[in-house]
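First up is the structure itself, then whatever we jot down about it.
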Amino acid sequence: MKKMREVVVAGVGITKFDSYDGEKGRPVREFYDLGSEAIQKALDDAGMEWKDIQAAFCGSVYCGTGSGHQAIQKVGLTGIPIVNIENACSSGISALRLAYQMVGAEIYDCVIAAGFEQMPRGPIQSTAWPVWQRQMGFNVQPADYAMKTVRYMEETGATEEDFARVSVKNRKNGALNPNARMQKPVTIEEVLSSRMIAKPLRFLNACPLADGGTAVIVCSRDKLKSQNKVVTVAAAALVTGIYGSPRIPGEDHVTKSANEAFEMAGLGPEDMDVVQAYDTMSPGELWDLEKLGFCKKGEAPRLLREGHFDLSGKLPVNTDGGLMSRGHPLGATALAQVIEIYRQIRGEAGPRQVADAKAGLAHAMGAGPNSGVIILKR
Amino acid sequence: MSDTKKTIPLREGLWTDKGHDGTPHLLGHRCLNCGEVFFPQKENGTCTNCHSTKLELIELSRKGKVFAFSVVMLRPPGGYYRGDVPYALANVELPEGIVVEGLVTDINQDDIKVGMEMELTIDKLHDDDEGNTLMTYKFRPSAA
């Protein structure tokens with residue numbers, strides 16, 4: 001990677017994540033409503049106007065053609081290039097990485113990355129599997145995670161109680177996040193007695209779906225409206241699948257994405273004060289922390305038990321409640337991970353603020369596979 | 001009984017009903033350059049590991065060990081899967097050094113364990129809209 005100029009975060013915006021489906025008194029809100037709300041909030045946060053934005057990258061998964069254009073036209077029509085990105089659960093970080101590179105390479109001075117989603121109602125067409133595999137019943141995301149969980153248990157001795165503790169920690173943090181879909185804490189007993197969805201994973205091991213919008217504006221330092229508490233994008237990495245089999249073990253794409261990001265940032269895992277790990281399914285947070293380099297394989301369950309990853313712990317993880325509490329609007333999730341790190345470093349995380357957070361890492365991964373890592377620092 | 005109804009494989013090329021020993025075998029590709037084995041066959045004729053196009057068609061071992069499994073309690077989205085719920089899936093590691101995902105049959109789903117010996121069986125998946133019986137490969141506990 002070539003050395004680029006410094007890129008800073010000008011402002012962020014996020015909607016409340018919820019099910020905006022018109023049921024049970026909930027309002028109906030379309031993806032472009034959520035996207036444009038987040039974009040407007042990011043502009044307000046940055047003290048900028050739409051005419052300051054020179055290019056836009058918009059992440060979404062199920063929103064169809066020109067989704068970014070539809071969200072942006074509610075804010076302004078200035079003719080700027082808008083590029084839509086579908087990279088599954090990493091769409092938002094993929095968008096931010098491009099925005100970061102555009103500013104870093106001095107092509108533009110001020111670029112917005114947005115991520116939004118209104119999840120489809122009813123059964124989701126699982127185009128990630130060939131038809132014959134869908135006919136065989138392979139197209140169940142939780143089942144994929146369940147098999148990875150079985151391996152993790154086999155190789156590390158982790159237990160279902162350990163996974164329940166992840167849900168408990170994250171839902172406790174989520175109770176402090178007014179933007180989260182789930183704001184009620186759960187107990188270990190509640191998790192362990194919730195209904196099984198794909199053995200050994202239960203309902204409360206899984207993040208709920210949600211609709212939502214997110215936006216992050218990045219710029220060169222001279223374009224900032226305020227030089228107060230400046231947050232720098234220290235790294236943006238995106239890694240896809242690397243061939244591997246039992247015979248030829250390939251490099252793990254998550255580990256590679258973290259290593260690339262740490263190298264770019266000139267920082268290591270020990271320099272991170274707060275982490276947004278990827279918790280679509282609660283066991284995933286544990287092996288994610290290990291793959292990202294925050295502890296050795298099999299150590300995460302013990303560290304979790306000891307409170308290491310709690311809000312008051314040595315390395316707070318998913319301080320906003322993670323996907324487990326926020327809910328998972330696919331295109332919006334990755335930037336929500338980033339926005340929490342930004343809030344923590346700025347000291348704007350309210351009741352869930354981590355003391356003196358100087359640097360943090362946000363991770364998003366998923367189908368593809370993709371693994372996207374953003375490191376922010378003071 | 002209508003005699004127009006047929007028994008047809010889910011997909012051509014996944015297995016052969018009569019392999020070299022007269023029993024069903026999954027069909028895969030072995031790369032003649034790096035030795036890597038693939039299932040299903042590489043339709044584009046290229047090894048994902050070393051990119052060689054020198055692949056040979058091989059019959060895979062009938063037996064392997066459970067590498068990972070799950071019992072799925074919900075109906076998969078899209079309506080493609082028409083079988084019973086719950087149903088069991090396993091990743092079975094074959095001696096060739098690859099892992100093959102498949103449905104598990106002929107077992108109490110609570111009894112599936114990592115390391116358990118499994119063998120290939122060809123079994124009914126479901127009836128299609130024309131009333132044909134769709135067959136597929138599955139794994140069942142190995143008969144020792």
Side-chain angles (χ1 to χ4, degrees), chain A residues 62 119-158 160 194-203 205-206 209 240-251 281 283 287, chain B residues 9-14 31 34-40 43 47-51 64 66-91 93-99 101-103 109-110 112-115 125-126 128 134 136-138:
Chain A
Y62 293 114
M119 294 299 288
R121 310 297 174 221
I124 295 171
Q125 288 298 318
S126 4
T127 50
W129 284 267
V131 170
W132 68 271
Q133 293 188 358
R134 289 180 236 169
Q135 290 174 296
M136 296 264 280
F138 296 176
N139 57 319
V140 178
Q141 269 305 346
D144 271 8
Y145 265 96
M147 290 207 255
K148 290 195 179 93
T149 301
V150 164
R151 283 311 304 171
Y152 185 70
M153 293 169 85
E154 187 70 19
E155 288 164 15
T156 67
E160 290 177 39
S194 62
R195 72 185 159 85
M196 195 70 89
I197 52 174
K199 187 181 174 180
L201 298 176
R202 295 173 182 276
F203 182 69
N205 290 127
L209 296 179
T240 61
I242 302 162
Y243 184 76
S245 71
R247 211 180 132 255
I248 301 174
E251 190 179 0
M281 292 283 167
W287 68 65
Chain B
L10 168 65
R11 188 172 187 259
E12 291 295 336
L14 288 177
C31 175
C34 73
E36 193 64 344
V37 172
F38 299 93
F39 174 82
E43 280 178 338
C47 171
T48 319
N49 182 51
C50 75
H51 318 296
V66 173
F67 183 76
F69 67 95
S70 182
V71 181
V72 184
M73 312 300 285
L74 41 93
R75 186 157 288 282
Y80 296 93
Y81 174 79
R82 301 180 183 185
D84 294 334
V85 175
Y87 62 100
L89 291 174
N91 279 334
E93 186 170 2
L94 303 181
E96 285 86 352
I98 59 164
V99 170
E101 184 171 10
L103 289 156
Q109 291 168 354
D110 290 334
I112 305 173
K113 301 263 184 300
V114 170
L125 180 61
H126 59 69
D128 70 11
L134 225 50
T136 193
Y137 72 89
K138 296 182 183 178

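Lettering of chains follows the sequences in order, A, B, ..., and the numbering in each one begins at 1. Note that the structure is a prediction, hence the values are computed from the model and not measured.
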Name the region of B:Y87, side chain, backbone, both or neither, that has any atom closer than 4.5 Å to a heavy atom of chain A.
side chain
Is A:E154 close to chain B through its backbone or its side chain, or both, or neither, when contacts mean heavy atoms under 4.5 Å?
side chain
Rounded distance (nearest 0.5 Å) linking atom CZ of A:R247 with atom CD of B:E93:
12.5 Å
Test side chain to side chain contact (heavy atoms under 4.5 Å, CB included) on A:M147 and B:E101 and set out the steps.
CA-CA 10 Å; A:M147 290 207 255; B:E101 184 171 10; 3.2 Å; yes
Below 4.5 Å, heavy atoms only, C-beta onward: do B:L103 and A:M136 meet side chain to side chain?
yes
Quick check on B:P40 against chain A: is it the side chain, the backbone, both or neither that has a heavy atom closer than 4.5 Å?
side chain
For B:D128, which atoms come within 4.5 Å of any heavy atom of chain A: side chain, backbone, both, or neither?
neither
Side chain, backbone, both or neither: which part of B:A90 has a heavy atom under 4.5 Å from chain A?
backbone
Inter-residue atom distance B:N49.CG - A:I242.CD1, 0.5 Å rounding
12.5 Å
Region of B:L74 in contact with chain A, defined by heavy-atom distances below 4.5 Å
both
Here's one to test your reading of the geometry: is the NZ or CZ of B:R75 within 45 degrees of the ring axis of B:Y81 and under 6.0 Å from its centre?
no
